Amino acid sequence: VKIENEVVVPPKIYRDVMYIGTASGDLVAISLKTAEIMWTRKLFADPIVSSPEIIEDFIILKSPQEDILLINPKNGETEKFIKNDGKMPDYKIIPYSSPLVDNGTIFYGTQGGELNAVNMKFERMWKTILKEGVFHYVDTPLLLRELLITCVHGKYIIAVNKEDGRKIWEKEMEKPSMVEIYEGGIV
């Protein structure tokens, strides 16, 4: 299969279909059974730099402007849309933070240092500014029991309660860092 533009984030595979975001802002669905392109949708003028998440037969994708889209995987049509209402920084940091879905809640970080939670009806549940005065990107949140763990600006590792967005703890790192969950702990 030939895709017209380069791919800058990992694809997502779900039910024998690979979903790929491209540098030209297209979302492409490829059948793994036939190795043929099922559909291509132009979603953005900018590159898709966040891997999609898939739940309940919907693709959840964060736009380069940090909007969240709920996309029908059968045809690529946008079903629902939540517009980023946060202040964007004067500079552009590419938002590689992919959404995380847990029990019907979509969690996602922004370039402005926020962590958001919306339900599958795209109603905002909560929004938390993770580090006052630090206006930088938030990595993809990770789930550890009832906590969401994320890294802000590669310098602060922060845990919040997934139910209400309340900050539980924060750790400043000496060197740029990322976080991963392994065997029930943070590494």
Side-chain angles (χ1 to χ4, degrees), residues 1-102 106-118 120 122 130 134-143 148 150-155 176-180:
V1 175
K2 182 177 180 178
I3 297 176
E4 298 299 318
N5 287 288
E6 81 180 280
V7 176
V8 293
V9 293
K12 185 67 105 178
I13 296 174
Y14 183 72
R15 295 191 178 165
D16 297 322
V17 178
M18 183 171 11
Y19 299 95
I20 301 171
T22 71
S24 63
D26 294 328
L27 184 63
V28 180
I30 299 171
S31 169
L32 296 179
K33 290 180 179 179
T34 65
E36 293 182 8
I37 294 176
M38 298 167 55
W39 51 259
T40 299
R41 288 282 179 256
K42 179 73 167 177
L43 296 176
F44 315 116
D46 296 319
I48 294 176
V49 293
S50 172
S51 293
E53 184 60 59
I54 302 174
I55 187 169
E56 296 181 16
D57 293 325
F58 283 101
I59 302 167
I60 299 164
L61 188 67
K62 189 167 89 171
S63 80
Q65 290 73 34
E66 301 193 332
D67 307 315
I68 296 289
L69 287 76
L70 191 64
I71 299 165
N72 185 324
K74 294 177 180 91
N75 58 21
E77 295 291 328
T78 300
E79 302 283 331
K80 295 184 181 179
F81 180 85
I82 188 167
K83 182 87 175 131
N84 173 36
D85 61 0
K87 180 183 174 196
M88 296 294 283
D90 294 332
Y91 50 87
K92 184 72 173 166
I93 297 173
I94 298 176
Y96 286 100
S97 172
S98 298
L100 167 73
V101 179
D102 179 58
I106 305 164
F107 302 100
Y108 63 99
T110 71
Q111 296 178 61
E114 300 168 348
L115 188 60
N116 295 275
V118 297
M120 293 302 289
F122 273 39
L130 292 174
V134 177
F135 198 64
H136 287 281
Y137 65 93
V138 174
D139 286 342
T140 298
L142 303 172
L143 187 61
L148 294 168
T150 192
C151 195
V152 177
H153 187 51
K155 184 170 183 175
S177 302
M178 295 185 79
V179 3
E180 188 59 67

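Throughout, residue positions are numbered sequentially from 1 according to the sequence presented. What you are looking at is a predicted structure, and each value in this text was computed from that prediction instead of being measured.
To the nearest 0.5 Å, atom CD1 of residue I30 and atom CD1 of residue I13 are 10.0 Å apart. Note: L70 CG to T78 OG1 = 9.0 Å, rounded to the nearest 0.5 Å. Annotation: the span from K74 atom NZ to R15 atom CZ amounts to 8.0 Å, rounded to 0.5 Å. Here the straight-line distance linking atom OH of Y19 with atom CD1 of I59 works out to 4.5 Å at 0.5 Å rounding. For the atom pair NZ (K12) and CD1 (I60), the distance works out to 10.0 Å, reported to the nearest 0.5 Å. In this structure, CZ in F58 is found 10.5 Å from CD1 in I71, a value given to the nearest 0.5 Å.
Of the residues listed (D102, L142, L100), the one engaging L148 in a side chain to side chain contact (heavy atoms under 4.5 Å, CB included) is L100, and it is the only one. Partner of T22 under the side chain to side chain contact (heavy atoms under 4.5 Å, CB included) criterion, chosen from T40, L43, V28: V28.
S31 is listed as a side-chain neighbour of M38, based on a closest heavy-atom distance under 4.5 Å. Using a 4.5 Å cut-off on side-chain heavy atoms (C-beta onward), V17 and P73 make no contact. Using a 4.5 Å cut-off on side-chain heavy atoms (C-beta onward), L69 and F44 make contact.
Closest non-hydrogen pair, P99 versus S51, comes out as CD-O, 3.8 Å. The two residues P52 and P10 come nearest to each other via the heavy atoms CD-O, 4.3 Å.
The backbone N or O of L27 sits nowhere less than 3.5 Å from a side-chain atom of W39 that would complete a donor-acceptor pair.
For E77, the salt bridge (charged side-chain N to carboxylate O under 4.0 Å, His left out) partners at least two apart in sequence or on another chain are R41.
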